[in-house]
Structures are given as C-alpha cells and as structure tokens.
2 protein chains.
Amino acid sequence: MESSVKAAGKPTMAGQIEVQLRHDILHGILAPGAKLNLDKLRSSMDVGLSPLREAVTRLVAEGLIEAEAQRGYTVTPISVANLNEVCALRLELEPYALRKSIENGGLDWETAVMGALYRLNKTDRIPGDPVSLANWEVANNAFHLTLVERCDMPLLIKMYKSLVSMNDRYRHIYLKAVAVQRDVIDEHTAIAQAAVERRANDAAALLARHIERSTNNLRLLISADLPENPQ
Amino acid sequence: MESSVKAAGKPTMAGQIEVQLRHDILHGILAPGAKLNLDKLRSSMDVGLSPLREAVTRLVAEGLIEAEAQRGYTVTPISVANLNEVCALRLELEPYALRKSIENGGLDWETAVMGALYRLNKTDRIPGDPVSLANWEVANNAFHLTLVERCDMPLLIKMYKSLVSMNDRYRHIYLKAVAVQRDVIDEHTAIAQAAVERRANDAAALLARHIERSTNNLRLLISADLPENPQ
DNA sequence: TGTTGAAATAAAATCGATTTTCTAGTATAA
DNA sequence: TTATACTAGAAAATCGATTTTATTTCAACA
C-alpha cells in the first residue's frame with residue numbers, strides 16, 4: 001500500500017518510512033506486540049528521528065501501532081477477538097459498499113471489475129513462494145477494492161482499506177505456507193458476475209459468504225495459537 | 001474529546017495542542033477548507049513546531065485535516081456529500097453497534113444507559129447560549145456513546161467517535177442558534193427503553209430514525225449554503 | 001527480608017536551526 | 001500573445017541537540 005498522505009512530486013522521507021514500517025508490521029517482521037524503541041529503530045533503519053516519528057504517528061492512526069503518552073509505541077497485538085472484530089466489520093461494511101457500487105457504477109466500473117477478475121484468475125497463488133503470494137495478494141486486493149470503490153464514499157473506503165490491511169497481517173503470519181483448499185476462483189467469479197449483472201442481493205450475499213469463509217480459514221489456524229482474549 | 005493517544009502521567013504538549021486544534025476545527029474557528037500554515041499557527045498558538053506537527057498529523061488521521069505531501073495542510077472542507085456520507089455510515093454502524101451492546105450489556109450497562117438518559121433530560125439546551133449548548137452536547141454524546149459502548153468492538157467505537165465528531169462540526173457551524181423543534185427527549189427515552197428491555201429491533205429502528213431526523217434537520221440548513229458536490 | 005527513596009539511566013518529547021521543495025513573479029524567446 | 005526558464009521568497013520537511021519524563025538500580029531503613 002502506498003503512503004496514507006496524498007503524494008505530490010518527490011516522495012517525502014516520512015512517507016517512505018511509513019511504507020517500509022507498514023510492510024514490516026503487516027508481514028510480521030515487526031512482531032505483534034513488539035515494543036518500538038524509536039531510537040534503535042532510527043539507527044537500524046538509518047533515518048532521522050523526525051520523519052520516523054511522523055511515520056509512526058500515521059501508523060498509530062491506522063491502528064497498526066499503539067501509542068501511550070510518554071511510554072512509547074507498540075506494534076498492535078493480534079488476538080482472536082481482534083480478528084473477529086475485523087471480520088465482523090468487513091461483513092458489515094463490504095457488502096454495503098458493494099451495493100452502493102452497484103448503484104453508482106457504470107460501464108467503466110463493470111469493465112474494471114471484469115478486468116481485475118481476469119488478472120486475479122491469471123495470477124497463481126503458490127504456497128511457500130513469497131513472490132507469488134505477494135503478487136496474488138496485490139491482485140486479490142485490487143479485485144476486492146474495485147468491487148467496492150464506486151460506492152463513492154471516501155470515508156468508507158478508508159475504513160475498508162484499514163480493515164483489509166489488518167486482515168492481511170493475519171494472513172501473512174498464519175497463512176504463509178498453507179494452500180487454499182476451497183475454490184476461491186469460483187467464488188470471485190460468482191461475485192463479479194452478480195455485481196456486473198446488478199443482482200445486488202446475490203452479490204452482497206456471495207461477498208459476505210466469501211469473507212466468512214476466508215476468515216474461518218484463518219480463525220482455525222489462529223485459535224490454536226492464541227488465547228481467546230485480546231492483550 | 002480528549003487526546004487520541006492514551007494518556008499516562010503528565011499530558012504531553014502534542015496532546016494538548018491536539019485537543020485545542022480539534023476544538024477549533026469542530027467549532028469552525030479554523031474554518032472548513034482553510035489553509036493551515038504551520039509556522040503561523042505555531043506563533044499564534046505559541047507552541048513549538050514539533051508537537052504542533054505531531055498534533056496535526058493525528059488530526060489528519062482523524063479526518064479533520066487533509067494533508068498533501070510537501071504542500072501542507074488544509075482543514076477538511078465541508079460539503080453536502082460529506083454530510084451525507086457521515087450520516088449514511090452512522091446509519092449503518094450505530095444501530096449495528098447498539099444491537100451488539102444489547103447482546104453484551106448487563107445490568108451495569110442498563111444502569112449506565114438510564115443514568116446518561118437522566119442527565120441528558122435534565123440538561124437544558126438553550127439556543128444561543130454557548131455554555132448551555134456545550135453542556136448539552138457533552139450529555140448528548142455521552143448518552144449515545146453509552147448506548148453503543150458495550151458492543152465491545154474497539155475499532156467500531158473508534159470509527160463511531162470519528163463520525164460523531166464530524167457530525168458535530170456541522171451542528172456547531174449551522175445549528176448555533178436554532179432551536180430543535182421535534183421532541184428529542186421522547187426519542188431518546190424511547191431508544192433507551194427499547195435498549196434496556198432488549199427489544200433489539202425496536203431499539204435499532206428508533207435509533208436509526210433518530211439519526212435520520214437529526215441529519216435531515218442539518219441537511220436543510222446546509223443545502224441552502226453549499227453546492228451539492230464536494231470541493 | 002521487604003520497602004522506601006534517591007540517583008542514574010534510558011527513552012520520549014521538544015526545541016531551534018538547516019535543508020529541501022514548492023510557488024509566484026519576472027524576463028526572455030518563440 | 002503564449003510558453004518556457006530562471007530567480008527570489010515562502011513554506012514544508014528534516015536534522016542534531018536539549019529537555020523532560022519514566023524506569024531501573026541500589027542503598028538505607030524498618
């Protein structure tokens with residue numbers, strides 16, 4: 001994902017650091033719950049303190065880092081409760097956004113949806129191969145974003161993106177080497193079809209089921225690993 | 001509203017500035033769309049640049065300020081489209097959160113709801129009197145927050161608070177001197193009753209209607225003032 | 001032993017100054 | 001005229017150092 005601040009001209013130091021940090025958190029390189037010592041981070045990343053602080057502050061806003069005044073920063077912990085909330089909110093917001101997109105979108109939107117679907121279907125997801133997994137994730141996120149993008153609700157899109165990145169973190173940490181058994185391609189295709197044909201109820205229901213299945217998959221792997229309560 | 005960062009011990013400079021800025025934006029003292037010159041702000045508020053930058057960054061995250069790299073900051077503009085989105089999202093999220101609260105809340109929650117209702121009903125809203133309006137707003141927000149708080153979904157609560165503050169800004173700017181004609185007390189009481197009696201469908205529907213009415217009120221005043229499209 | 005308090009240390013927050021990047025104005029060339 | 005290149009000037013971004021606050025250590029005392 002790019003920086004949270006609209007970029008003009010040269011990218012700013014803070015923006016680059018933000019991207020790097022987000023990547024490291026979403027991929028578990030900075031472990032959930034880890035204490036972030038800004039001074040050590042600064043030297044290890046070889047950047048200045050001011051832009052680092054700024055980047056961290058932005059990620060606090062995004063919910064990937066937690067701040068406590070005068071006590072520094074922590075990578076937001078993961079927990080079953082948090083995963084459940086992320087899933088519940090996606091279930092509430094994504095189908096809603098999809099319905100709005102179906103209302104607002106025209107031929108351009110339909111074209112974008114079918115295009116994103118095509119690319120996704122052509123992108124192999126090879127468990128264990130990081131490059132393939134990364135490519136697949138880009139295509140997958142692009143498809144899902146395209147579906148909902150024409151809701152024309154910028155605040156909603158921002159919430160949506162934030163939820164997706166939280167969800168991706170769980171995927172990265174727990175789904176590195178696991179093959180997806182169910183036929184995701186069929187699910188995506190069915191959603192896209194229904195969307196393009198303006199069958200809003202079908203599309204929303206299919207998308208909801210898709211989200212649920214994906215999360216259940218994750219939940220199984222994680223429950224074994226983490227206690228039920230957050231913290 | 002307090003600082004977005006959990007406070008320990010002494011409040012930090014950045015936190016205080018954040019509170020001040022949020023207040024000024026929400027009350028239209030810093031006008032919607034206004035360019036924020038950090039250096040001038042710094043001297044006019046008589047604070048340092050670093051904590052000011054930090055405070056501004058937090059408010060960017062909250063959606064009250066917009067940032068563009070290397071081009072500075074702008075108070076988020078207001079528009080009919082934005083008000084509509086804020087309202088639509090509240091309609092989607094608040095009744096949902098209320099249902100969850102009804103599921104999770106026990107006697108403590110019921111007590112808190114009825115308490116907040118009582119205080120709100122005892123707090124007069126005198127149009128034109130800033131102190132009275134501010135007190136009423138505190139009580140009103142506390143009541144609404146209490147209703148949804150036991151959804152036990154921290155991310156949802158954060159979204160909710162952010163939407164409420166955006167909504168409050170429109171209220172402050174356009175509803176300064178206007179009396180509320182409909183009987184808000186009855187609406188609040190009906191919602192609280194239904195919630196406490198666990199009539200989830202009733203409570204959610206009443207809350208939704210309440211939100212709609214409040215927004216319609218605002219929308220009328222604003223449409224006269226602003227064009228339909230943002231920016 | 002366990003507890004309290006002062007000193008030392010580590011980390012976060014802030015400051016003041018510098019560097020980089022944008023913006024607007026002007027002059028020159030097509 | 002229109003477009004392009006240059007040049008202050010303004011504003012944003014960043015740096016390095018300082019100040020403030022929290023945490024840890026350790027000794028004195030109960």
Side-chain angles (χ1 to χ4, degrees), chain A residues 2-22 24-25 30-31 33-62 64-77, chain B residues 2-22 24-25 30-31 33-77 231:
Chain A
E2 69 283 9
S3 160
S4 60
V5 169
K6 199 195 297 180
K10 292 270 158 98
T12 117
M13 215 15 62
Q16 294 173 253
I17 299 172
E18 177 194 350
V19 169
Q20 169 82 47
L21 278 180
R22 183 186 294 110
D24 288 357
I25 292 173
L30 291 170
K35 182 83 175 51
L36 290 183
N37 183 321
L38 291 197
D39 209 47
K40 286 175 189 164
L41 246 193
R42 184 191 57 73
S43 42
S44 79
M45 296 181 78
D46 195 38
V47 296
L49 193 58
S50 310
L52 176 61
R53 259 189 98 78
E54 174 128 3
V56 167
T57 304
R58 292 184 195 165
L59 293 175
V60 168
E62 212 173 306
L64 297 178
I65 293 178
E66 291 180 345
E68 198 170 356
Q70 258 118 13
R71 229 169 276 182
Y73 302 93
T74 309
V75 178
T76 302
Chain B
E2 71 283 6
S3 160
S4 60
V5 170
K6 199 195 297 179
K10 293 269 159 99
T12 100
M13 215 16 61
Q16 293 174 253
I17 299 172
E18 177 194 349
V19 170
Q20 169 81 50
L21 278 180
R22 182 185 295 109
D24 288 356
I25 292 173
L30 290 170
K35 182 83 175 52
L36 290 183
N37 183 319
L38 291 197
D39 208 46
K40 286 175 188 162
L41 248 191
R42 185 191 57 73
S43 43
S44 79
M45 295 180 78
D46 195 38
V47 297
L49 193 58
S50 310
L52 176 60
R53 259 189 96 79
E54 173 128 4
V56 166
T57 303
R58 291 184 196 166
L59 294 176
V60 168
E62 213 173 305
L64 297 178
I65 294 178
E66 291 180 347
E68 197 170 355
Q70 258 119 14
R71 231 170 275 183
Y73 303 92
T74 309
V75 178
T76 301
Q231 205 341 330

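As the structure is a prediction and not an experimental result, all values here were calculated from the model. Below, chains carry the letters A, B, ... as their sequence lines are ordered, and counting in each starts from 1.
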Review item, side-chain donor-acceptor pairs of residues 46-53 of chain A, under 3.5 Å, at least two apart:
from, atom 1, to, atom 2, distance (Å)
A:R53, NE, B:E54, OE1, 3.2
A:R53, NH2, B:E54, OE1, 3.2

Where A:G33 and A:T74 come nearest, the two heavy atoms and their spacing: O-CG2, 3.3 Å
- request: Ignoring backbone atoms, test whether B:K40 places a side-chain nitrogen or oxygen under 4.0 Å from the OP1 or OP2 oxygen of D:dA10.
  value: no
query: So, is A:R71 close to the C:dA13 phosphate, meaning a side-chain N or O under 4.0 Å from OP1 or OP2?
result: no
Atom-pair distance (CZ on B:R42; P on C:dA17), nearest Å: 10 Å
- prompt: What's the CD-P distance between B:E54 and C:dA13, to the nearest Å?
  reply: 7 Å
task: Can you tell me the distance, in whole Å, between the CG atom of B:D39 and the P atom of C:dT20?
output: 19 Å
- request: Using a cut-off of strictly less than 4.0 Å, decide whether B:N37 has a side-chain nitrogen or oxygen near OP1 or OP2 of D:dA10.
  value: no
statement: Rounding to 0.5 Å, atoms OH (A:Y73) and CG (A:L64) come to a distance of 14.5 Å
- request: Please report the shortest heavy-atom distance between A:V5 and B:A67, naming the atom on each side.
  value: CG1-O, 3.7 Å
- prompt: Out of curiosity, A:L41 CG to A:L36 CG, how far, rounded to the nearest 0.5 Å?
  reply: 5.5 Å
query: Can you check the B:M13 CE to D:dT21 C1' distance for me, whole Å?
result: 13 Å
statement: The nucleotide from D:dT14, C:dA13, C:dA11 with an atom nearest the side chain of A:K35 is C:dA11
task: Just call it for B:L41: base, sugar-phosphate, or nothing, with non-hydrogen atoms closer than 4.0 Å on any strand.
output: nothing
message: Please confirm whether the shortest side-chain N or O distance from A:T12 to OP1 or OP2 of D:dA12 is below 4.0 Å.
response: no
query: Rounded to the nearest 0.5 Å, how far apart are CG of B:L59 and CD of B:E62?
result: 5.5 Å
task: Rounded to the nearest angstrom, tell me the gap between atom CD in B:E68 and atom C1' in C:dC22.
output: 11 Å
- request: Would you please confirm or rule out a distance under 4.0 Å between OP1 or OP2 of D:dA22 and any side-chain N or O of A:Q70?
  value: yes
field: CD on B:Q20 to CG on B:L30, rounded to 0.5 Å
entry: 9.0 Å
- prompt: When the C1' atoms of the five terminal pairs at each end define the local axes, what inter-axis angle does the helix from C:dT1-D:dA30 to C:dA30-D:dT1 show, to 10 degrees?
  reply: 20°
- request: Figure out the CD/P separation between A:Q16 and C:dT21, and round it to whole Å.
  value: 11 Å
query: When you check the phosphate oxygens OP1 and OP2 of D:dA13, does a side-chain N or O of B:R53 lie under 4.0 Å from one of them?
result: yes
- prompt: Looking at CD of A:Q16 and CG of A:L21, how far apart are the two atoms once the value is rounded to the nearest 0.5 Å?
  reply: 12.0 Å
Contacting residues from residues 43-52 of chain A, given that a heavy atom lies under 4.0 angstrom of DNA chain D: A:G48, A:S50, A:P51
- request: Find the distance between OG1 (B:T12) and CD1 (B:I17) and round it off to the nearest 0.5 Å.
  value: 8.0 Å
